[in-house]
There are 2 protein chains.
Amino acid sequence: MRPTIGKVTAETAPETAPQSRPVDAERPKRRQARGERRIAQLLTAAGQVFAESGYAATTTNAIAARAGVSPGSLYQYFPNKDAIAAALAEYYADSLDVLLAPFAVVDPAAVTLEQALGASLGPIVEFHRENPACLALFIGGNAPGHVMDLQAPLMARTHQRIQALLTLYAGNLPAERLDLAAAVALGAYKGVLPLLVEAPQEQVGALTLEVRDLLLGYFDRLLAP
Amino acid sequence: MRPTIGKVTAETAPETAPQSRPVDAERPKRRQARGERRIAQLLTAAGQVFAESGYAATTTNAIAARAGVSPGSLYQYFPNKDAIAAALAEYYADSLDVLLAPFAVVDPAAVTLEQALGASLGPIVEFHRENPACLALFIGGNAPGHVMDLQAPLMARTHQRIQALLTLYAGNLPAERLDLAAAVALGAYKGVLPLLVEAPQEQVGALTLEVRDLLLGYFDRLLAP
DNA sequence: CGAGATTACGAGTGATTGCTCGCATTCGTC
DNA sequence: GACGAATGCGAGCAATCACTCGTAATCTCG
């Protein structure tokens with residue numbers, strides 16, 4: 001169930017004419033179905049090559065070749081190399097934002113931390129295994145500027161959610177401590193992700209449980225020192 | 001107490017003539033004291049630039065400029081860009097190997113896990129804060145081939161040491177489980193390191209304690225589920 | 001000092017690569 | 001079928017960068 005990548009810059013509704021400015025900014029540029037398909041091809045190809053070689057080492061020609069397209073065609077849909085990575089990153093950030101949302105809405109009276117973590121971790125791991133370029137762009141630093149513009153807020157939101165979750169279960173601790181704890185938990189989680197992505201399929205379940213235990217063990221220690 | 005970087009390829013003792021082969025391989029190439037100093041200058045400069053920009057984005061000219069040296073001089077001491085990173089990586093790998101050694105020789109009867117971790121973590125954190133390029137080269141993937149040749153064995157040894165430590169304290173668990181646990185602990189540790197390196201000085205102590213708790217909490221959970 | 005080795009320089013070279021441009025083809029619409 | 005717009009192509013341009021080379025300064029040692 002690999003997700004179809006597309007809808008890069010969300011320019012639908014070309015009929016609702018927004019002609020207040022004369023020739024000012026860029027017009028929406030009508031696009032045929034073929035073009036949308038090409039964009040999806042290019043983005044999946046880019047994801048593969050980025051995952052294999054990292055951002056810096058992948059050439060735009062390699063992406064075009066992987067997509068079975070000429071370099072010129074690539075530049076019809078993306079203004080430059082950064083924009084390709086940024087389009088991918090936007091998709092990744094949006095997807096992760098959805099997957100990480102459950103953290104914020106947990107009833108500590110009805111659900112234990114163990115249950116909350118166990119339920120959330122699986123889909124996130126699955127997503128990263130299906131989209132290895134997400135790690136390559138977000139975790140393996142030195143991404144282009146526009147990618148960082150998406151990564152930084154995502155990390156900040158994730159941090160906030162972890163801290164909110166911790167506040168629910170350990171509200172008595174000072175906020176400063178919870179802030180530190182959320183940062184440490186997020187760092188550990190990011191450090192373990194490559195393991196989960198590269199592990200053989202049959203180990204993923206056991207590894208996910210270990211990661212859950214890693215976080216739970218830390219949280220336990222926070223609650224009862 | 002920033003360590004002086006030098007002694008790249010360990011070619012001392014030029015007088016003990018090893019002339020069994022005629023003109024065969026490369027001769028040791030006598031080097032003046034000035035040259036050794038230049039090498040150290042270049043390596044520290046390289047460390048700074050790598051830490052700022054990552055391996056791929058740093059140019060050899062930038063390293064030379066940072067060291068106050070012409071590009072030509074740089075290439076008198078290093079055959080290519082990879083060799084600079086490799087020389088740094090070798091120094092880092094050797095240093096870390098020493099810092100991580102205590103993990104292997106612990107008496108579980110006399111020392112608790114908490115004490116063992118607490119004693120080891122500090123120096124390691126200090127080292128990474130003094131040498132941020134170590135993270136940039138080893139953790140931020142996509143390093144050149146020769147760097148990976150040094151990083152992979154270092155990681156393997158570290159994994160073994162963690163597993164050995166765990167075996168001392170949790171010998172009853174199956175080896176397969178301990179293998180997984182060591183991998184998870186190592187991943188978490190790597191994930192948290194950037195936090196420790198980038199944190200302001202006054203937070204380092206508290207953060208180090210949190211990291212210790214992270215690992216301890218996980219190990220506690222392994223021992224008493 | 002003088003000979004040879006080492007160090008230093010920095011403009012230049014060759015290869016790579018992000019990106020463009022002119023033109024051919026296909027699509028949507030009448 | 002016809003017309004404009006969108007799509008597609010790939011050789012080639014311009015800039016970057018790892019690396020070289022001829023030459024000059026500096027060191028070592030007799």
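Below, each value reflects all heavy atoms present in this structure, side chains not excepted, and no hydrogens, waters or symmetry copies. Below, chains carry the letters A, B, ... as their sequence lines are ordered, and counting in each starts from 1. Note that the structure is predicted; figures quoted are calculated from it, not measured.
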**Message:** Quick one about B:Arg157 and B:Gln160 (side-chain donor to acceptor, distance below 3.5 Å, no hydrogens or angles considered), yes or no?
**Reply:** no
Quiz question: by atom type and distance under 3.5 Å, do the side chains of B:Glu210 and A:Tyr218 form a donor-acceptor pair?
yes
Does OP1 or OP2 of [N] have a side-chain N or O of [X] closer than 4.0 Å?
X	N	result
A:Arg38	D:dG8	yes
A:Ser73	D:dT7	no
B:Tyr77	C:dA8	yes
B:Tyr75	D:dT20	no

The bend of the helix from C:dC1-D:dG30 to C:dC30-D:dG1, taken between the axes of its five terminal pairs at each end and rounded to 10°, is 20°
Select one nucleotide: of [options], the one nearest the side-chain heavy atoms of [X].
X	options	answer
B:Ser70	C:dG10, D:dC9, D:dA18	C:dG10
A:Val69	C:dT20, D:dC9, D:dC19	D:dC9
B:Gln76	C:dC9, D:dC19, C:dT7	C:dT7
A:Asn61	C:dC9, C:dC19, C:dC27	C:dC19
A:Arg34	D:dC27, D:dG8, C:dC19	D:dG8
A:Lys81	C:dC9, C:dG18, C:dT6	C:dG18

In this structure, OH of B:Tyr92 is separated from CG of B:Leu150 (nearest 0.5 Å) by 12.5 Å
In this structure, how many angstroms lie between the [atom2] atom of [N] and the [atom1] atom of [X], rounded?
X	N	atom1	atom2	answer
A:Glu36	C:dG28	CD	P	12 Å
A:Phe78	D:dG8	CZ	C1'	15 Å
A:Asn80	C:dT17	CG	P	17 Å
B:Leu74	D:dC21	CG	P	16 Å

- Ignoring hydrogens and geometry, is there a side-chain-to-backbone donor-acceptor pair from A:Gln163 to A:Ala182 under 3.5 Å? no
Comparing nearest nucleotides in DNA chain D, the 5'-proximal residue of the pair A:Gly68, B:Ala56 is A:Gly68
Exercise. Please work out which of the three classes, parallel, tilted or perpendicular, describes the rings of B:Tyr189 and B:His128, given edges at 30° and 60°.
Key: perpendicular
5'-most contact on DNA chain C (nearest-nucleotide basis), B:Ala33 vs B:Gly72, goes to B:Ala33
Q: Please work out if B:Gly35 contacts a base, only the sugar-phosphate, or nothing of the nucleic acid, heavy-atom cut-off 4.0 Å.
A: sugar-phosphate
message = Just so I know, are the side chains of B:Val204 and B:Glu126 near enough to count as touching, which here means a heavy-atom distance under 4.5 Å?
response = no
> Does A:Arg161 reach the side chain of A:Leu100, with side-chain heavy atoms less than 4.5 Å apart?
Replying inline: yes
